*Asks:* 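The structure under discussion is supplied below as structure tokens; questions concerning it will follow.
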Amino acid sequence: MKTLWRNARLATLAEPGWGLIDRGAILTHGAHIAWVGAAGALPADLAVDVEHDLAGALVTPGFVDCHTHLVYAGQRAAEFELRLQGASYEAIARAGGGIRATVAATRATGDDELFAIAAQRARTLMAEGVTTIEIKSGYGLSLEHEARCLRVARRLGRELALTVQTTCLAAHALPPEYADRPDDYIGAVCDWLPRLHAEGLVDAVDAFCERIAFSPAQVRRVFDAATALGLPVKLHAEQLSDQGGATLAAAYRALSCDHLEWLADDGVRAMAAAGTAAVLLPGAFYFLCETRLPPVQALRDAGVPIAIASDHNPGSSPGLSMLLMLNMACTLFRLTPEEALRGATVHGARALGLHDRGMLAAGQRADFAVWALDHPNELAYGFGHNPCRQVVAGGREQAR
Ligand code: NIG
Ligand code: FE
């Protein structure tokens with residue numbers, strides 16, 4: 001089916017800058033964009049099946065939220081209270097709270113309920129223009145429960161009008177059954193990966209490289225197992241300390257390194273040389289009241305693509321708004337509004353290894369959002385209200 005979306009103000013991002021086309025039109029053919037440009041340049045004899053008048057509204061590529069932990073049960077508001085009283089995220093994790101508290105709640109929750117809770121979260125993101133989302137496991141931490149969480153993520157992709165990319169993050173924390181045996185646990189994770197992959201549950205493999213999680217040597221074992229299966233890797237790196245995780249991940253040509261507040265110059269250089277994207281997570285920085293900023297200027301200077309994402313999770317980033325992430329990427333990390341939008345679209349796609357989305361151009365997936373705004377710089381400007389009027393994913397309007 002050919003659909004013409006006309007009378008739009010397009011921010012295509014298909015070239016440096018916003019790629020603004022004032023009186024623009026998009027022609028979609030099925031799930032893809034067939035043509036984008038100024039309305040005046042449309043072929044006069046164009047035959048379409050359906051036509052939509054967007055009344056001059058702003059249209060941007062759909063958001064790619066390239067780092068989320070969407071599938072889990074429970075919440076950790078009491079932990080937030082403890083942190084406000086002075087307890088650190090690390091101290092709470094070492095005392096058995098943190099990720100492990102969410103693992104207990106998730107294991108105790110059935111598949112359908114996990115799906116229903118996660119679907120509600122996904123719909124909240126989608127209402128603000130998200131058309132592609134990455135979902136990590138990491139709150140199951142056993143073969144059975146990691147598989148369950150990844151199946152829920154796959155089901156979200158089947159049942160909602162959005163693309164879901166799954167990432168196995170079994171190396172997220174040490175589960176109680178492996179207390180004091182981290183190397184044995186890593187061995188188990190390496191055994192699970194081929195089985196999870198054989199079931200079609202894994203698009204990429206991630207790990208948490210940190211003092212409270214896994215060492216570079218342990219991460220290397222997980223990455224070797226992923227690489228043997230032909231799976232791309234990414235890494236929670238340099239969030240709370242510099243472990244040299246980014247350099248390690250770059251050696252495996254990681255799709256992305258994420259967080260990066262403690263990233264040093266050698267890590268920046270290694271990422272640039274490997275084509276690894278930097279995923280900045282302003283929600284986690286904000287919610288953990290961090291003060292050390294990721295080295296944004298060094299990443300820019302080295303030409304590392306900078307993505308931003310929600311990092312939605314119950315411990316360090318319980319928000320569900322990509323618009324707020326755009327705003328905070330600018331206020332906290334000093335990205336420009338254009339860099340923030342590119343980070344939530346083109347570079348978010350890049351951080352997932354996807355090249356068929358993130359901009360408005362012929363051949364790309366027909367994933368876009370329609371906004372009651374005049375200029376794309378307003379996306380990073382407002383917060384706490386939702387100017388998104390319509391979302392099209394794979395050429396089809398999302399139900400609202
Ligand atoms: O990305 N850093 C590790 N993982 C999550 C937090 C998970 C949790 O606290 O539940 C993150 O911030
Ligand atoms: Fe995360």
Side-chain angles (χ1 to χ4, degrees), residues 65-80 82-83 87-107 117-118 121 125 133-141 145-146 149 153 165-175 204-214 218-219 222 233-243 245-246 249 254-263 277-290 292 294 307-320 325 328 348 351-352:
D65 189 354
C66 67
H67 180 143
T68 85
H69 308 250
L70 209 74
V71 178
Y72 65 87
Q75 46 79 15
R76 308 217 303 264
E79 192 179 289
F80 176 48
L82 286 177
R83 284 199 295 103
S88 72
Y89 180 78
E90 278 188 84
I92 291 168
R94 286 187 198 285
I99 294 170
R100 275 183 284 261
T102 301
V103 170
T106 303
R107 287 180 175 181
I117 309 168
R121 295 182 188 125
L125 288 167
I133 185 177
E134 183 254 22
I135 300 179
K136 301 175 194 296
S137 65
Y139 293 118
L141 308 189
H145 292 288
E146 287 290 297
C149 292
Q165 290 287 112
T166 59
T167 298
C168 179
L169 178 58
H172 194 198
L174 196 60
V205 174
D206 193 350
F208 186 17
C209 187
E210 194 53 71
R211 290 183 301 230
I212 51 167
F214 297 101
Q218 290 161 343
V219 169
V222 176
V233 299
K234 37 211 304 118
L235 190 65
H236 281 71
E238 275 68 278
Q239 179 186 12
L240 308 169
S241 61
D242 182 7
Q243 297 285 313
L255 291 174
S256 71
C257 291
D258 304 38
H259 287 287
L260 301 176
E261 280 81 350
W262 290 81
L263 179 65
V279 179
L280 303 185
L281 304 167
F285 175 89
Y286 161 78
F287 193 67
L288 295 182
C289 305
E290 297 290 353
R292 189 182 167 106
I308 61 168
S310 72
D311 191 18
H312 176 82
N313 75 75
S316 71
S317 191
L320 283 165
M325 296 307 122
M328 293 199 300
L352 296 176

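The first residue of the sequence shown is numbered 1, and numbering continues consecutively from there. For ligands, and for the atoms within them, numbers begin at 1 and follow the listed sequence. Predicted, not measured: the structure shown is a model, and the values here were computed from it.
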*Asks:* Heavy atom to atom 12 (O) of ligand 1, shortest distance: which of Ser316, Ala213, Ala284 holds it?
*Replies:*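 Ranked by closest heavy atom to atom 12 (O) of ligand 1, first place is Ser316.
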*Asks:* Any N/O/S atom, backbone or side chain, of Asp311 lying under 2.8 Å from the Fe ion (ligand 2)?
*Replies:*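 Here the distance criterion (N, O or S atom, under 2.8 Å) is met by Asp311, so yes.
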*Asks:* Does Tyr139 come within less than 4.0 Å of ligand 1, judged by its heavy atoms?
*Replies:*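 Judged by the 4.0 Å heavy-atom criterion, Tyr139 does count as contacting ligand 1.
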*Asks:* Looking at Arg100, Glu146, His69, which one forms a side-chain contact (heavy atoms from CB on, under 4.5 Å) with His172?
*Replies:*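 With His172 as partner, side-chain contact (heavy atoms from CB on, under 4.5 Å) holds for just one option, His69.
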*Asks:* When you compare the side chains of Ser241 and Gln243, does any donor N or O come within less than 3.5 Å of an acceptor on the partner?
*Replies:*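 Note: Ser241 and Gln243 side chains meet the donor-acceptor criterion.
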*Asks:* Give the intermediate values and the outcome of side-chain contact (heavy atoms from CB on, under 4.5 Å) for residues Lys234 and Leu352.
*Replies:* CA-CA 9 Å; Lys234 37 211 304 118; Leu352 296 176; 3.9 Å; yes
*Asks:* Should His67 and His236 count as side-chain neighbours, where that means a heavy-atom distance under 4.5 Å?
*Replies:*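 Yes - at least one pair of side-chain heavy atoms lies under 4.5 Å apart.
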*Asks:* Quick one: which ligand 1 atoms are inside 4.0 Å of a heavy atom on Tyr89?
*Replies:*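 The atoms of ligand 1 under 4.0 Å from a heavy atom of Tyr89 are 6 (C), 7 (C), 8 (C), 9 (O).
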*Asks:* Do any N/O/S atoms of His259 come under 2.8 Å of the Fe ion (ligand 2)?
*Replies:*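 Of the N, O and S atoms in His259, none lies under 2.8 Å from the Fe ion (ligand 2), which means no.
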*Asks:* So which bit of His69 gets within less than 4.0 Å of ligand 1, heavy atoms only: side chain, backbone, both or neither?
*Replies:*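 Only the side chain of His69 comes within reach of ligand 1.
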*Asks:* Only to 10 degrees, please: what angle do the NE2 atom of His236 and the NE2 atom of His69 make about the Fe ion (ligand 2)?
*Replies:*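 Vertex the Fe ion (ligand 2), arms to NE2 of His69 and NE2 of His236: 100°.
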*Asks:* Indicate yes or no: at least one non-hydrogen side-chain atom of Asp65 is less than 4.5 angstrom from one of Leu70.
*Replies:*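 A side-chain contact is absent here, since even the closest heavy-atom pair is not under 4.5 Å.
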*Asks:* Which ligand 1 atoms does His172 reach within 4.0 Å, using its non-hydrogen atoms?
*Replies:*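 Those of ligand 1 that fall under 4.0 Å from His172 are 3 (C), 4 (N), 5 (C), 7 (C).
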*Asks:* Under a 4.0 angstrom heavy-atom cut-off, which atoms of ligand 1 come close to His259?
*Replies:*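 What qualifies from ligand 1 is 1 (O), 2 (N), 11 (C), 12 (O).
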*Asks:* Which of the numbered atoms in ligand 1 are below 4.0 angstrom from a heavy atom of Asn313?
*Replies:*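 Near Asn313, meaning under 4.0 Å from one of its heavy atoms, ligand 1 has 5 (C), 6 (C), 7 (C), 8 (C), 9 (O), 10 (O), 11 (C), 12 (O).
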*Asks:* Under a 4.5 Å cut-off applied to non-hydrogen side-chain atoms, are Leu141 and Arg107 in contact?
*Replies:*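 Of all side-chain heavy-atom pairs linking Arg107 with Leu141, at least one is under 4.5 Å.
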*Asks:* Are any of the side-chain heavy atoms of Leu174 and Phe214 separated by less than 4.5 Å?
*Replies:*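 They are in contact (side-chain heavy atoms under 4.5 Å apart), so the answer is yes.
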*Asks:* Among Glu210, His67, Gln239, which residue places a heavy atom closest to atom 2 (N) of ligand 1?
*Replies:*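 Looking at heavy atoms only, the winner is Gln239.
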*Asks:* Could you tell me whether the side chain of Glu238 and the main chain of Ala246 form a donor-acceptor pair under 3.5 Å?
*Replies:*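 Between the backbone of Ala246 and the side chain of Glu238 there is a qualifying donor-acceptor contact (under 3.5 Å).
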